[in-house]
Amino acid sequence: MADEKLTNRWLMVAAALVMQLCLGVLYSYSVFRGPLAKEVGMTVKETGYPLMASFFFFAVGMIFAGRWQDKAGPKKVAIFGGLLLGAGAILAGVLYKTVGGLVFSYGVLGGLGVGFAYVTPIATCIKWFPDMRGTITGLAVFGFGAGTLIFGPLISKLVISSGIANAFFVVGVIMIVGVCGSGALFKAPPAGYKPAGWNPPAPSGTTPTKLDWAPNEMLGNAQFYILWLIYFFGAAAGLMIIGVAVPIGVEVAKLTAPVAAAGLGTMALLNGLGRLVHGSISDKIGRKNTVILMFCEYLVAFLILLPNSDTFTKWLVGLCIVGFSYGGYLALMPSITADYFGTKSLGHNYGYLFTAWGVAGVGGPFMIDAIKTATGAYTNAMYAISAAAVVGIVLVFISKKPEFKGA
């Protein structure tokens with residue numbers, strides 16, 4: 001029986017990896033921006049609106065998906081998300097010649113689809129692997145960061161060979177097949193499930209603890225808002241740089257745009273590896289110590305490497321450190337949510353926490369552009385981000401598993 005459970009739970013991980021590789025297409029949207037500007041005549045800002053919309057509705061979708069999943073299970077929610085994402089991409093192939101059409105199809109429908117699907121493998125895997133939450137969550141979300149390595153080149157070839165519309169059509173079909181197919185394999189473990197040979201650690205101290213917190217209970221606890229700010233600072237720092245990596249290379253390292261663009265694939269790989277490595281490390285040294293480590297990695301990149309990146313190598317190493325650290329937050333925050341607030345309402349609870357990522361995805365790029373406009377240099381924005389990372393470290397020290405105040 002134990003072997004059967006072990007086989008079942010690793011099947012969840014395999015399905016999660018396939019799904020997240022598909023959902024990682026969201027990061028590949030930048031491949032469309034140049035062709036859209038050339039064929040349709042959109043401005044740089046206009047080509048960015050669908051991506052910002054997708055980030056926002058990704059976070060919105062997580063809230064509703066998490067609540068639905070906690071009641072109906074992961075399979076239905078995952079399939080619905082795959083259908084919505086696929087429909088959004090296919091519709092984008094029809095409406096891509098207008099900014100509003102692309103924002104609605106790719107941004108709203110596509111973003112909601114990713115949000116509905118994204119939460120299901122995370123919550124499912126955490127429930128099946130209480131003995132190695134960090135490692136498995138990192139593995140489950142690895143594909144989301146690494147998906148660009150697959151879909152970036154694929155979309156580029158499709159646009160060149162078949163045009164923008166057909167590229168969106170093909171992506172839509174792949175999403176329906178890949179996301180719905182892998183999501184159909186998901187199922188929650190039986191109530192009270194424990195892996196063979198594993199027992200949950202005994203609570204430390206004498207303060208009463210609560211295993212599972214309902215969403216309204218979590219929202220009434222100060223520790224949720226501390227976690228929200230930690231997630232916001234960690235995500236915003238990464239998303240700011242991801243969005244302007246090429247301009248930083250051109251401005252600071254004096255690279256040509258094509259040379260700088262060539263480094264984005266390496267950053268995407270480190271983004272994925274950061275999820276695996278930090279998730280695994282957190283199972284050994286603890287979540288809080290790992291989050292402090294990730295903020296320190298940011299400080300190395302933002303204070304030492306990127307502002308002084310007078311060569312391609314310095315710029316690339318700094319960029320990869322940012323991607324590596326950023327990826328860690330996507331792996332650790334679901335695990336910390338489960339550690340602090342339990343797994344019964346994990347989908348719904350993490351959906352609320354994930355709004356920090358959504359706000360960072362919209363606000364982060366605006367903030368770095370504003371600082372660049374006001375001061376004339378991206379390096380000044382890096383110093384502001386470094387200050388935020390220091391605040392993040394302080395918040396980690398304040399953060400702790402919430403105490404149960406009930407009867």
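Worth saying up front: this structure is predicted, and the values here are computed from it rather than measured.
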Please find the pair of heavy atoms, one from Gly318 and one from Ala301, that lie closest to each other, and give the distance. O-CB, 3.7 Å
Shortest non-hydrogen contact between Thr290 and Ser282, atoms and distance: OG1-CA, 3.2 Å
Heavy-atom side-chain proximity of Glu297 to Tyr326 below 4.5 angstrom: no
Kindly give the heavy-atom pair with the smallest separation between Leu51 and Ser54, and that separation in Å. O-OG, 2.6 Å
Do any N or O atoms from the side chain of Ser156 and from the backbone of Pro153 form a donor-acceptor pair under 3.5 angstrom? no
Between Ser161 (side chain) and Lys157 (backbone), is there a donor-acceptor pair under 3.5 Å? yes
I'd like to know if Lys288 and Asp339 make a salt bridge, using a cut-off of under 4.0 Å between side-chain N and carboxylate O. no
Would you confirm whether the ring centroid of Phe324 sits within less than 6.0 angstrom of the ring centroid of His278? yes
Do you know which two heavy atoms are closest between Lys127 and Lys344, and how far apart they sit? NZ-O, 4.3 Å
Is the ring centre of Phe56 less than 6.0 Å from the ring centre of Trp357? no
State whether a side-chain donor-acceptor pair under 3.5 Å links Asn349 with Thr337. no
Criterion ring-ring contact (aromatic ring centres under 6.0 Å, His included) on Phe354 and Phe55, from CA distance to verdict: CA-CA 11 Å; Phe354 195 76; Phe55 283 164; 9.9 Å; no
Strictly by modelled atom types, are Ser335 and Arg133 linked by a side-chain donor-acceptor pair under 3.5 Å? no
Report the C-alpha distance between Ile136 and Trp10 in whole Å, list the side-chain angles of each, state the deciding distance to 0.1 Å, and finish with yes or no for side-chain contact (heavy atoms from CB on, under 4.5 Å). CA-CA 10 Å; Ile136 293 302; Trp10 282 102; 3.9 Å; yes
Just so I know, are the side chains of Glu39 and Lys97 near enough to count as touching, which here means a heavy-atom distance under 4.5 Å? yes
Are any side-chain N or O atoms of Thr120 and backbone N or O atoms of Ala117, one a donor and one an acceptor, separated by less than 3.5 Å? yes
Evaluate side-chain contact (heavy atoms from CB on, under 4.5 Å) for Val291 paired with Ile336, printing each intermediate quantity in order. CA-CA 10 Å; Val291 175; Ile336 295 175; 4.0 Å; yes
Please work out which of the three classes, parallel, tilted or perpendicular, describes the rings of Phe32 and Tyr106, given edges at 30° and 60°. perpendicular
Output field: ring centroids Tyr352/Tyr231 closer than 6.0 Å: no
Heavy-atom side-chain contact between Pro189 and Arg9 under 4.5 Å: no
I'd like to check Ile176 versus Ile90 (side-chain heavy atoms, cut-off strictly below 4.5 Å). Are they in contact? yes
Contact check, side chains of Pro307 and Tyr383, non-hydrogen atoms, under 4.5 Å: yes
Do Gln69 and Lys76 come close enough that some side-chain heavy atom pair is under 4.5 Å? no
Spacing of Tyr96 atom OH and Ile164 atom CD1 [to the nearest 0.5 Å]: 5.0 Å
Is the distance between the ring centroids of Phe312 and Trp315 under 6.0 Å? yes
For the ring pair Trp68 and Phe64, is the centre-to-centre distance below 6.0 Å? no
N/O donor-acceptor pair under 3.5 Å between Arg275 side chain and Val141 backbone: yes
With sequence neighbours excluded, residues passing side chain to side chain contact (heavy atoms under 4.5 Å, CB included) with Leu109: Leu84, Leu91, Phe104
Could you tell me the separation between the CD1 atom of Ile241 and the CD1 atom of Ile385, rounded to the nearest 0.5 Å? 4.5 Å
In terms of side-chain heavy atoms, does Ser345 have a donor or acceptor partner in Trp213 at a distance below 3.5 Å? no
Would you say the side chains of Tyr340 and Ser399 form a donor-acceptor pair under 3.5 Å? yes
Polar side-chain atom of Asn166 near backbone of Ser162 as donor-acceptor pair, under 3.5 Å: yes
If you define the side chain from C-beta out and look only at heavy atoms, does anything of Phe233 sit under 4.5 Å from Tyr329? no
Any side-chain to backbone donor/acceptor pair from Asp212 onto Thr343? Under 3.5 Å, distance only. yes
Tell me yes or no: between the side chains of Tyr118 and Gln20, is some donor less than 3.5 Å from an acceptor? no
Just verifying a value: how many Å separate Leu255 CG and Ile248 CD1, rounded to the nearest 0.5 Å? 11.5 Å
Atom CZ in Phe295, atom CD1 in Ile230: separation rounded to 0.5 Å? 6.5 Å
Mind checking the OG1-CZ spacing from Thr43 to Arg33? Nearest 0.5 Å is all I need. 9.0 Å
With rounding to the nearest 0.5 angstrom, report the CD1 to CG distance, Ile393 to Leu299. 5.0 Å
Would you mind reporting whether Phe142 and Leu273 have side-chain heavy atoms less than 4.5 Å apart? yes
Do Trp128 side-chain atoms and Pro195 backbone N/O form a donor-acceptor pair below 3.5 Å? no
Under 3.5 Å, is there a donor-acceptor pair between the side chain of Ser325 and the main chain of Val322? no
